[in-house]
Amino acid sequence: MSSSEKPVRTRFAPSPTGFLHVGGIRTALFGWLVAHQAGGQFILRLEDTDKAREVAGADEHIIKSLRALGLDYDEGPDKGGPYAPYRQSQRLDSYKAWAQKLIDAGRAYGDPLSPAEVQALRDRARAAKKPFLYRDYRPANPPAWDGARPLRFKSEPKAYKWHDEVMGDLSTGPEVIDDFILIKSDGYPTYNFAHIVDDAEMKISHVIRGQEFLASVPNYLNLYEALGLERPRLATMPHILGPDGNKKLSKRDGAKDVLDYIRDGYLPDALVNFIASLGWNDGSEQEIFSREELIKKFSLSHVQKSGARFDERRLEWMNGHYIRQMGVEQLSDLLNKSPNDYWGKGKSAEPTYKKAVLAQVIDRLKYLSELPQLTGFFFTKPSNQSVRQLYEAPEDRLLKDMPKGQMGSLLKAASQKLHTSQFDPDNLQACLNSLLEELETKPGVLFPIIRIALSGAQSTPSLPGVLSVLGKSESLARMASAEKILES
RNA sequence: GGCCCCAUCGUCUAGCGGCUAGGACACCAGGUUUUCAUCCUGGCAACAGGGGUUCGAUUCCCCUUGGGGUCACCA
């Protein structure tokens, strides 16, 4: 019974209980890729059957996150579609109907035990270091289901072998099959039941989900059979692990909301590329994949079976790469269009000036929110304090033992010479070079003195670059004020 | 504890019986006639351990070890 000819429809089915981190996004991304590759549909379905854990606004947040990364879906709660609604809390009738079929077939029954009683049984099993199986206590004559008790699946334990698109061939014995709850006493279905019904009704072809569901698959297989449903293809994603520990990436381990990455100025394409490469590769040595390449080359069978650690430095590198690849024009456009202000002090500066500044710093930008820190001095004069501080305790070895008076006279000489120069990078370079000869000093001495005067920082883009962007009058004014500081 | 999954440089990974075990990030050194960065060049660095199978194992099998998941009226 192959499902290979069925049209490809994948879904991302988060529960609205919080934000989306990289792990969640990766699951969504892979589903999105599988769908796009086959010209199929990608569906968003909200699994909001636990009203206690539900977080207000989480659904909006999830939708925003997907949108921010360009992972558009064809059907979803806010979009509708042929199998609407796409919110489980609005599909209760559907679950009831399927549940009734099971009851009629003698494959579901009301659970007579109270939660406390079940818990007592569970504790006992645990104390005996045995796995807990409800079916060991299955009532001989269960009460009719009245909707106020949980409805349990009457399982038929057996061994299973099945194929997982990522993990390969898997198998388990009958001892893992149990009577799990289909519908809770509050009337909502459990994930275990609802997702199976929905996937079938929505004609989902591939179920792509995290490793935490692997152990439940045999139970799902048992339920598919009871329901007479053909099971979709199954693909299990290994977990993404935290940077240091081996634990699954979680909020506690510092997993960040993907929207925070967006806000910090990580580019959607870079983020997508990075997340895809966490656990997937095409078998070649390629590292950078455009979205189109990803769609073309992605394959579930090339997804790594083992968990991947999340390395933020690699993300930074990749993002920097994407930024550089974009170039000044495009980056400038993007900055203008962004709802976020990455410019800081430079916010209201002239567009052409901002572009010139961008050209100076684009090579050292790892993410956009670094911009203010990198460019501040282009827009406002450095504080006297920061200039003084650097002159008094310079980190440059050559400057360390130099008296302030000497620095002052070097700066003065530089000022005078620069006064005669054209302020374009080439002429400035030439000017600085001849200045070195005239003053018989080394670049390692003279340049930091000028740099500090201009920027109040010990490292900046190249001096000719900085001078030419700042312009003659501003540069000379800053140098003059630094001279005063050195005199005092 | 039962069951299931996993295991190549610090990290992400290539490898699908024969390779000097390759690439990328990070790190280190040198270069791009000043700093930081970019870019280029070079370097450091891995098959968890033990048994098999085989002419030959990183690769196939078994055991051990280690890591993870699961055993909810959460998903």
Side-chain angles (χ1 to χ4, degrees), chain A residues 13-17 47-50 52-53 111 114-115 118-119 122 125-134 149-152 164 166-168 170-173 175-176 178 180-192 194-195 209-218 236 238-239 241 243 245-248 274 277-288 304-318 320-321 324 360-366 374 395-396 398 432-433 436 442-448 450-452 455 457-464:
Chain A
S15 63
T17 51
E47 313 232 312
D48 57 343
T49 54
D50 185 349
R53 287 206 318 149
D111 180 353
S114 72
V118 178
Q119 189 55 45
R122 206 182 339 262
R126 201 193 181 102
K129 302 210 169 193
K130 307 244 300 213
F132 171 71
L133 283 174
Y134 184 95
R149 304 171 173 286
L151 181 71
R152 279 195 188 260
D164 185 285
V166 172
M167 294 297 177
L170 303 174
S171 61
T172 53
E175 69 280 355
V176 301
D178 197 14
F180 56 91
I181 289 179
L182 302 168
I183 295 187
K184 298 179 269 185
S185 56
D186 64 2
Y188 284 89
T190 58
Y191 165 85
N192 299 147
H195 89 273
R209 88 237 293 186
Q211 210 183 49
E212 64 270 26
F213 296 104
L214 198 52
S216 307
V217 167
T236 299
H239 283 140
L241 313 170
N246 292 318
K247 281 201 225 103
K248 172 186 163 187
F274 173 75
S277 70
L278 256 188
W280 172 84
N281 69 84
D282 71 342
S284 77
E285 287 177 352
Q286 188 171 347
E287 310 279 346
I288 302 296
Q304 203 76 8
K305 291 181 184 174
S306 53
R309 233 161 292 218
F310 179 85
D311 184 3
E312 206 164 52
R313 286 176 305 183
R314 192 173 156 84
L315 207 211
E316 286 184 356
W317 161 76
M318 193 170 277
H321 177 91
R324 271 169 256 132
Q360 295 298 317
V361 301
I362 190 168
D363 280 349
R364 63 205 66 203
L365 214 48
K366 290 198 286 291
L374 250 31
E395 297 210 359
D396 290 78
L398 292 173
L432 289 171
N433 285 344
L436 288 173
K442 292 177 186 166
V445 172
L446 180 63
F447 290 178
I450 301 175
R451 170 170 291 116
I452 291 167
S455 67
Q458 60 167 5
S459 62
T460 68
S462 78
L463 228 34

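Proteins get letters first, then strands, A, B, ... in listed order; numbering begins at 1 in each.
Atoms NE2 (A:H321) and C1' (B:C40) sit 16 Å apart, rounded to a whole Å. Computed from coordinates, the A:K366 NZ to B:C25 C1' distance equals 13 Å when rounded to whole Å. Note: CG (A:D164) to P (B:G69) measures 18 Å, nearest angstrom. Spacing between atom CD1 of A:I452 and atom P of B:U34 amounts to 17 Å, rounded to whole angstrom units. Following rounding to the nearest Å, A:E312 (CD) and B:A26 (P) show an atom-to-atom distance of 13 Å. At whole-Å resolution of the value, CD in A:E316 and P in B:U38 are 12 Å apart. Rounded to whole Å, atom C1' of B:U13 lies 12 Å from atom CE of A:M318. Computed from coordinates, the A:I288 CD1 to B:C12 P distance equals 18 Å when rounded to whole Å.
OP1 or OP2 of B:A14 sits under 4.0 Å from a side-chain N or O of A:N281.
Checked against ring-ring contact (aromatic ring centres under 6.0 Å, His included), A:Y191 has the following partners two or more places apart in sequence or in another chain: A:H195, A:F213. Annotation: ring-ring contact (aromatic ring centres under 6.0 Å, His included) contacts of A:F180 (sequence neighbours excluded): A:F153. In this structure, the side-chain contact (heavy atoms from CB on, under 4.5 Å) partners of A:A457, at least two apart in sequence or on a different chain, are A:S455, A:T460. Scored by the side-chain contact (heavy atoms from CB on, under 4.5 Å) test, A:E175 finds no partners at all (sequence neighbours excluded). Not a single salt bridge (charged side-chain N to carboxylate O under 4.0 Å, His left out) links A:R324 to another residue, sequence neighbours left out. Residues satisfying the side-chain contact (heavy atoms from CB on, under 4.5 Å) criterion with A:Q119, sequence neighbours excluded, are A:R122, A:D123. Listed by chain and number, the residues in a side-chain contact (heavy atoms from CB on, under 4.5 Å) with A:P218 are A:Y160, A:W162, A:T172, A:V176, A:I177 (sequence neighbours excluded).
When the nearest nucleotides of RNA chain B are assigned to A:K129 and A:T460 by heavy-atom distance, the more 5′-ward of the two goes with A:K129. When each of A:A308 and A:E287 is assigned the nucleotide of RNA chain B with its nearest heavy atom, A:A308 is the one assigned upstream, toward the 5' end.
Nucleic acid contact for A:R126: none, since no nucleic acid atom lies under 4.0 Å from a heavy atom of the residue. Residue A:P238 is out of contact with every strand shown, counting any heavy-atom pair closer than 4.0 Å. Counting non-hydrogen atoms under 4.0 angstrom, A:G279 reaches the backbone sugars and phosphates but no base. Across all strands shown, A:P16 has no heavy atoms under 4.0 Å from either base or sugar-phosphate atoms.
Taking atom P on both B:C39 and B:C60, the two are 37 Å apart, rounded to the nearest angstrom. Taking atom P in both B:U38 and B:C27, one finds a spacing of 9 Å when rounded to whole Å. For B:A7 and B:C44, the P atoms lie 28 Å apart once the distance is rounded to whole Å. The gap from the C1' atom of B:G18 to that of B:U13 amounts to 23 Å, rounded to the nearest Å. B:A46 and B:G23 are spaced 14 Å apart, taking the C1' atom of each and rounding to whole Å. Spacing of P atoms, B:A26 relative to B:G15, comes out at 24 Å, to the nearest Å. As rounded to the nearest Å, B:C9 and B:G42 have P atoms that lie 24 Å from one another. Rounded to a whole angstrom, the distance from the C1' atom of B:G31 to that of B:U65 is 47 Å.
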Nucleotides 3-10 of chain B: which of its N/O atoms have a protein N/O under 3.5 Å away?
none

For nucleotides 72-75 of chain B, give me every protein contact, N/O to N/O, under 3.5 Å, one pair per line with atom names.
unit_1 : atom_1 : unit_2 : atom_2 : d
B:A72  : OP2    : A:R122 : NH1    : 2.7
B:C73  : OP1    : A:R122 : NH2    : 3.4
B:C73  : O2     : A:S185 : N      : 2.7
B:C73  : O2     : A:S185 : OG     : 2.7
B:C73  : N3     : A:S185 : OG     : 3.0
B:C74  : OP2    : A:K184 : NZ     : 3.0
B:C74  : O2'    : A:D50  : OD2    : 3.2
B:C74  : O2'    : A:R53  : NE     : 3.1
B:C74  : O2'    : A:R53  : NH2    : 2.9
B:A75  : OP1    : A:T49  : OG1    : 2.7
B:A75  : OP1    : A:K184 : NZ     : 2.8
B:A75  : OP2    : A:Y191 : N      : 3.1
B:A75  : O3'    : A:E47  : OE1    : 3.2

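In terms of modelled atom types and a separation under 3.5 Å, the side chain of A:S15 and the main chain of A:D48 share no donor-acceptor contact.
With distances taken from any side-chain atom of A:E285 to the nucleotides B:C25, B:U34, B:G22, the minimum falls on B:G22. Residue A:W317 places its side chain closer to B:C25 than to any other of B:C25, B:G1, B:A37. Here B:U11 is the nucleotide among B:U34, B:U11, B:U38 with the atom lying nearest to any side-chain atom of A:R309.
A 4.5 Å side-chain heavy-atom check between A:P150 and A:S185 finds at least one atom pair inside the cut-off.
We find the CG-CG distance between A:L151 and A:D111 to be 9.0 Å, quoted to the nearest 0.5 Å.
Between the side chains of A:E287 and A:H321, no donor-acceptor pair of N or O atoms lies under 3.5 Å.
With a 3.5 Å ceiling on both atom-pair distances, the Watson-Crick or G-U wobble partner of B:C25 is B:G10.
A salt bridge does not link A:R314 with A:D311: none of the charged nitrogens is closer than 4.0 Å to a carboxylate oxygen.
Donor-acceptor pairing under 3.5 Å, judged by distance alone, is present between the side chain of A:R314 and the base of B:A24.
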